[in-house]
Amino acid sequence: DRYKDFFAALEKTSPVPIAFENIEGGSHGYYHLEDKRIAINEGMSELQTLKTAIHEIAHAKLHDIDLNAPKDEQPRVDRRTREVEAESVAYTVCQHYGLDTSDYSFGYVAGWSSGRELSELKSSLETIRSAAAEIINSIDENLAELQKAQDKAGQEQPTREEQAAAPEQPQPEAPEKADTAGKEKPEPEADAPGKSGAQEKADAAPKEAFTPETIYRVRRNPYSDSRE
């Protein structure tokens with residue numbers, strides 16, 4: 001499934017864990033500075049979920065700060081610049097993989113960049129370009145690793161099934177040696193003297209054939225009438 005593979009590649013690309021949760025207030029996701037994690041609103045479309053994940057990964061890569069450091073050692077651009085950069089990175093990465101988010105991204109970027117000077121926007125272009133390239137390279141590598149693992153698993157599976165289905169070859173039995181030493185040929189039995197005509201007729205009558213029915217009568221357990 002392309003969506004599952006792509007999302008798995010994003011999880012490997014992200015510098016922090018990604019989890020789904022029910023986010024109130026209409027937000028699609030957020031990057032938690034203190035916990036160093038990404039939350040994505042559950043129940044969204046696949047396209048919106050992927051775009052939001054990339055948006056928050058961009059925040060984690062570009063706008064993370066050490067909260068334990070002094071304030072003057074926490075360089076960070078303003079909120080509007082952060083949102084423009086993160087959404088622009090998300091749009092660029094999605095476009096690279098044929099995921100069109102223009103209906104959402106254009107309005108989002110326009111809203112956060114409203115009233116900004118062109119020089120301010122241009123200053124973010126290199127940041128957006130380099131961050132998008134880094135994320136794309138990481139996704140490609142992770143997708144290649146996933147595909148390689150899937151191919152290997154697909155090759156091993158038939159081999160195991162064939163081994164399980166292969167019948168065992170019977171071992172040839174050694175021929176039995178006839179033990180004839182010390183044995184005499186049996187003498188033909190003499191007819192019993194004095195047989196009556198009725199006895200001779202009884203002996204001449206054909207015996208009952210040894211059929212499956214006779215086997216069943218002989219072997220059936222007379223104490224059991226249970227059915228399988």
Side-chain angles (χ1 to χ4, degrees), residues 2-3 6-143:
R2 186 184 178 191
Y3 168 74
F6 197 86
F7 192 84
L10 286 179
E11 288 182 304
K12 291 178 175 291
T13 298
S14 176
V16 297
I18 301 177
F20 289 91
E21 64 181 58
N22 185 18
I23 303 175
E24 299 180 356
S27 176
H28 292 157
Y30 62 85
Y31 169 57
H32 202 290
L33 274 174
E34 294 181 0
D35 296 343
K36 306 300 180 187
R37 63 182 176 86
I38 289 173
I40 298 177
N41 193 27
E42 56 189 10
M44 300 190 300
S45 67
E46 293 181 353
L47 178 61
Q48 186 64 54
T49 297
L50 295 176
K51 200 280 307 174
T52 300
I54 299 171
H55 179 105
E56 301 305 334
I57 290 173
H59 274 314
K61 286 182 172 291
L62 296 177
H63 309 134
D64 183 46
I65 58 174
D66 183 3
L67 296 177
N68 296 320
K71 292 293 183 181
D72 57 352
E73 297 180 10
Q74 298 178 3
R76 202 179 188 207
V77 296
D78 61 90
R79 172 74 186 278
R80 292 203 296 178
T81 300
R82 295 199 301 269
E83 294 304 326
V84 168
E85 290 178 350
E87 188 63 23
S88 297
V89 169
Y91 172 78
T92 303
V93 174
C94 285
Q95 282 293 110
H96 177 79
Y97 293 103
L99 305 173
D100 187 8
T101 64
S102 56
D103 289 345
Y104 179 87
S105 296
F106 286 176
Y108 190 94
V109 171
W112 283 102
S113 61
S114 178
R116 306 298 297 273
E117 296 291 333
L118 185 60
S119 58
E120 294 178 280
L121 297 175
K122 284 183 176 180
S123 64
S124 294
L125 289 179
E126 179 57 28
T127 299
I128 294 168
R129 186 205 64 78
S130 60
E134 179 185 344
I135 292 174
I136 288 171
N137 289 337
S138 180
I139 293 174
D140 285 346
E141 291 175 1
N142 292 325
L143 284 175

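Quick note: residue numbers are just sequence positions, from 1. Just so you know, these numbers use all the heavy atoms, side chains as well, and skip hydrogens, waters and symmetry mates.
- Looking at residues two or more places apart in sequence or on another chain, you find a salt bridge (charged side-chain N to carboxylate O under 4.0 Å, His left out) between Lys36 and Asp64.
- Side chain of Thr13 to backbone of Ala9: a donor-acceptor contact under 3.5 angstrom is found.
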Original post:
Given the rule in the side-chain contact (heavy atoms from CB on, under 4.5 Å) test, do Ile57 and Lys61 qualify, once you have shown the distances and angles that lead to the verdict?
Top reply: CA-CA 6 Å; Ile57 290 173; Lys61 286 182 172 291; 4.0 Å; yes
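- Panel note: side chain Arg82, backbone Val77; a donor-acceptor pair is recorded below 3.5 Å.
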**OP:** Quick one: do Glu134 and Ser138 satisfy side-chain contact (heavy atoms from CB on, under 4.5 Å)? Show the steps, please.
**Re:** CA-CA 6 Å; Glu134 179 185 344; Ser138 180; 5.7 Å; no
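- Annotation: side chain to side chain donor-acceptor pair (under 3.5 Å) contacts of Thr101 (sequence neighbours excluded): Ser105.
- Under a cut-off of 6.0 angstrom, the local environment of CD in Glu24 is sparse, with at most 12 non-hydrogen atoms contributed by other residues, nucleotides or ligands.
- Judged by distance alone, the side chain of Ser113 and the main-chain N or O of Val109 form a donor-acceptor pair under 3.5 Å.
- In this structure, Pro17 and Ile38 have side chains that are not in contact, with every pair of non-hydrogen atoms separated by 4.5 Å or more.
- Listed by chain and residue number, Gln48 satisfy the side chain to side chain donor-acceptor pair (under 3.5 Å) test with Thr52 (two or more places apart in sequence, or in another chain).
- Summarising the geometry, atom OG belonging to Ser130 is positioned 7.0 Å from atom CG belonging to Leu62; distances are rounded to the nearest 0.5 Å.
- Between Ala86 and Ala58 the shortest heavy-atom distance is CA-CB, 3.9 Å.
- Considering CG of Leu121 and OG1 of Thr81, their distance stands at 8.0 Å, rounded to 0.5 Å.
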Original post:
Is there a side-chain contact (heavy atoms from CB on, under 4.5 Å) between Phe6 and Glu46 once you walk through the steps?
Top reply: CA-CA 10 Å; Phe6 197 86; Glu46 293 181 353; over 6 Å; no
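- With sequence neighbours excluded, no residue forms a salt bridge (charged side-chain N to carboxylate O under 4.0 Å, His left out) with Arg2.
- The side chain to side chain donor-acceptor pair (under 3.5 Å) test applied to Tyr97 returns Asp140, not counting sequence neighbours.
- Residues Arg76 and Leu33 meet the side-chain proximity criterion, which asks for heavy atoms closer than 4.5 Å.
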Subject >> Trace of the side-chain contact (heavy atoms from CB on, under 4.5 Å) decision for Thr49 with Tyr3 >> reply: CA-CA 10 Å; Thr49 297; Tyr3 168 74; 3.4 Å; yes
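- Screening residues 84-103 for salt bridge (charged side-chain N to carboxylate O under 4.0 Å, His left out), with sequence neighbours left out, gives Lys51-Glu87.
- Take Glu117 and apply the side chain to side chain donor-acceptor pair (under 3.5 Å) test, not counting sequence neighbours, and it matches no residue.
- Screening residues 23-50 for ring-ring contact (aromatic ring centres under 6.0 Å, His included) gives His28-Tyr104 as the qualifying pairs, with residues at least two apart or on separate chains.
- Here the CD1-NE2 distance, from Ile136 to His96, works out to 4.5 Å after rounding to the nearest 0.5 Å.
- We find the CG-CD1 distance between Leu10 and Ile54 to be 5.0 Å, quoted to the nearest 0.5 Å.
- For Arg80, there are no salt bridge (charged side-chain N to carboxylate O under 4.0 Å, His left out) partners at least two apart in sequence or on another chain.
- Note: His55 and Tyr108 meet the aromatic proximity criterion, with ring centroids under 6.0 Å apart.
- Of the possible polar contacts, one joining the Asn41 side chain to the Ile23 backbone as a donor-acceptor pair under 3.5 Å is found.
- In this structure, the ring-ring contact (aromatic ring centres under 6.0 Å, His included) partners of Phe20, at least two apart in sequence or on a different chain, are Phe7.
- Applying the salt bridge (charged side-chain N to carboxylate O under 4.0 Å, His left out) rule to pairs touching residues 105-115 yields nothing, sequence neighbours excluded.
- Shown here are the salt bridge (charged side-chain N to carboxylate O under 4.0 Å, His left out) partners of Glu21, two or more places apart in sequence or in another chain: Arg37.
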